[in-house]
Amino acid sequence: MRVSRRGVILGGSALLAGCSSAASSVQPVAPLAAVVETPIVPAPAIAVAAADPFVSPPLDPRGLVRKELMDRAMAALDIHHARIPNRDRMYLVDFKRHSGEERLYEVDLHAGTVKTLRTSHGRGSDPDHVGFARNFSNVPESYCSSVGSYVTAGPSWGPAQGPNVLLDGLEYSNDKARDRAIIVHGADYADPDFLAREGKLGRSYGCFSVAHADLPDLRERMGQGRLLFAFA
């Protein structure tokens, strides 16, 4: 069958018209917006100061010990370092204070804390028994207290005073301590009931007498090789 050229042309025109119509019916698509990535900025680090394990806390934060006494005791630790191997604790006695007051201090050199106790002085240091030590001597039979640096020489026991702590004097003001039997021991006249009755402690022969109840723990903690520093 023959198709006229006119029919072919018309058919072709219709086809072209259909393609044109289909193309014109498709709506133009807007181009996609470009995606912009926002950089992530890390939050600034907050600096936290690490605790220095080699820095000790301040000594005596409550201010219980007279500053001059503390300063002299710290100096004594350095001066007598060869004789005082144990530097975890030291013991101070403030003879400026009345015997009824807590004037024996245990200073923890690591934690900085201070524990207070009472201790007596010698009868030769307070002949009128007013409660204040006025005279100090290193002379045997003076019955005076001696000031200066001591080193604890360990727990002991004696027939007269019972359990005690031996002391060795390290300075000219107290170097006869062992000959004079100057020790730390318990005594009735250092007990709380004596203080309540008399208003002051009794007097020793120069020893650092403490209450019987305080002695066991103090004796163990003083041990050997620690500083006891007495000052007025």
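In what follows, every heavy atom counts, from backbone to side chain, and hydrogens, waters and symmetry copies are set aside. Just so you know, residue 1 is the first one in the sequence shown, and it goes up from there.
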| task | Identify the heavy atoms of N138 and A177 that sit nearest to each other, and give their distance. | result | OD1-N, 4.3 Å
| query | Can you tell me if D175 uses its side chain to pair, donor with acceptor, with the backbone of S173 under 3.5 Å? | reply | no
| message | As an exercise, state the distance from OG of S149 to CD of E171, rounded to the nearest 0.5 Å. | response | 3.5 Å
| Considering all heavy atoms, the nearest A111-P57 contact | O-CG, 3.2 Å
| request: Please state whether the rings of H185 and Y189 are parallel, tilted or perpendicular, taking 30° and 60° as the class boundaries. | output: perpendicular
| N-O pairing of K115 and D217 below 4.0 Å | yes
| From CG (L170) to CD1 (I79), nearest 0.5 Å | 10.5 Å
| Is the shortest side-chain N to carboxylate O distance from D60 to R66 below 4.0 Å? | no
| Short N-O contact, R226 and D88, less than 4.0 angstrom | yes
| message | With a 3.5 Å distance limit and no angle check, can you tell me whether D71 reaches the backbone of E68 through a side-chain donor-acceptor pair? | response | no
| request: May I ask you to check whether over 12 heavy atoms, not counting those of H98, lie within 6.0 Å of atom NE2? | output: yes
| Just wondering, do D126 and H129 contact through their side chains at under 4.5 Å, heavy atoms? | yes
| task | Apply the test side-chain contact (heavy atoms from CB on, under 4.5 Å) to residues R180 and S146: give CA-CA distance (whole Å), side-chain angles for both, the deciding distance (0.1 Å), then the verdict. | result | CA-CA 11 Å; R180 296 179 60 207; S146 298; 2.8 Å; yes
| Counting only N and O atoms by type, is there a donor-acceptor contact under 3.5 Å from the side chain of S125 to the main-chain atoms of S145? | yes
| Do I182 and Y143 sit in the same hydrophobic cluster, where Ile, Leu, Val, Met, Phe, Trp and Tyr count as joined when their side-chain heavy atoms come under 4.5 Å apart? | no
| field | Test applied, side-chain contact (heavy atoms from CB on, under 4.5 Å); reference residue, L104; option that passes from T119, V184, D214 | value | T119
| same_hphob_cluster(Y205, L215) at 4.5 Å side-chain heavy-atom cutoff | no
| said: Treating T113 as the side-chain partner and D108 as the backbone partner, does any N or O pair qualify as donor plus acceptor under 3.5 Å? | reply: no
| field | Candidate pair R87 and D78, rule side-chain contact (heavy atoms from CB on, under 4.5 Å), full reasoning | value | CA-CA 10 Å; R87 298 169 68 104; D78 293 334; 3.2 Å; yes
| request: Starting from the C-alpha separation in whole Å, work towards a yes-or-no answer on side-chain contact (heavy atoms from CB on, under 4.5 Å) for R221 and Y91. | output: CA-CA 10 Å; R221 292 177 65 78; Y91 297 84; 3.5 Å; yes
| field | Neighbour count >12 (heavy atoms, 6.0 Å) for atom CZ, R62 | value | no
| Under 4.5 Å between side-chain heavy atoms, hopping through other hydrophobics if needed: is there a path connecting F194 to L117? | no
| Should R178 and D168 count as an ion pair when the cut-off is N to O under 4.0 Å? | yes
| Distance (rounded to the nearest 0.5 Å) between F208 CZ and M222 CE | 8.5 Å
| said: If we ignore hydrogens and angles and just use 3.5 Å, is the side chain of R219 paired with the main-chain N or O of S156 as donor and acceptor? | reply: yes
| Does P192 offer a backbone N or O that forms a donor-acceptor pair with the side chain of R118 under 3.5 Å? | no
| task | Kindly say whether R103 contributes a backbone atom to a donor-acceptor pair with the side chain of R97 at under 3.5 angstrom? | result | no
| Interatomic distance, C144 atom SG to R123 atom CZ [nearest 0.5 angstrom] | 11.5 Å
| query | So if you build clusters from Ile, Leu, Val, Met, Phe, Trp, Tyr with side-chain heavy-atom gaps below 4.5 Å, do L69 and L228 land together? | reply | no
| task | Treat each ILVMFWY residue as a node, draw an edge where side-chain heavy atoms are under 4.5 Å apart, and state whether F231 and M90 are in one component. | result | yes
| Ignoring hydrogens and geometry, is there a side-chain-to-backbone donor-acceptor pair from R203 to P127 under 3.5 Å? | yes
| field | is_close_aromatic(F136, F95), centroid dist under 6.0 Å | value | yes
| query | Is there a donor-acceptor contact under 3.5 Å from the side chain of R83 to the main chain of V151? | reply | no
| remark: Closest heavy-atom pair, H212 versus A187, reported as atoms and distance to 0.1 Å, is NE2-C, 3.4 Å
| request: Could you grab the distance from atom CD of E101 to atom CG of L195, nearest 0.5 Å is fine? | output: 10.5 Å
| Are the side chains of T152 and L167 in touch, meaning some heavy atoms are under 4.5 Å apart? | yes
| message | Under a 3.5 Å distance rule, please check whether S204 uses its side chain to pair with a backbone N or O of S120 as donor and acceptor. | response | no
| task | Tell me, with the steps shown, if V65 and L59 meet side-chain contact (heavy atoms from CB on, under 4.5 Å). | result | CA-CA 10 Å; V65 182; L59 288 179; over 6 Å; no
| request: For residues H121 and N135, determine if any side-chain heavy atom of one lies less than 4.5 Å from a side-chain heavy atom of the other. | output: no
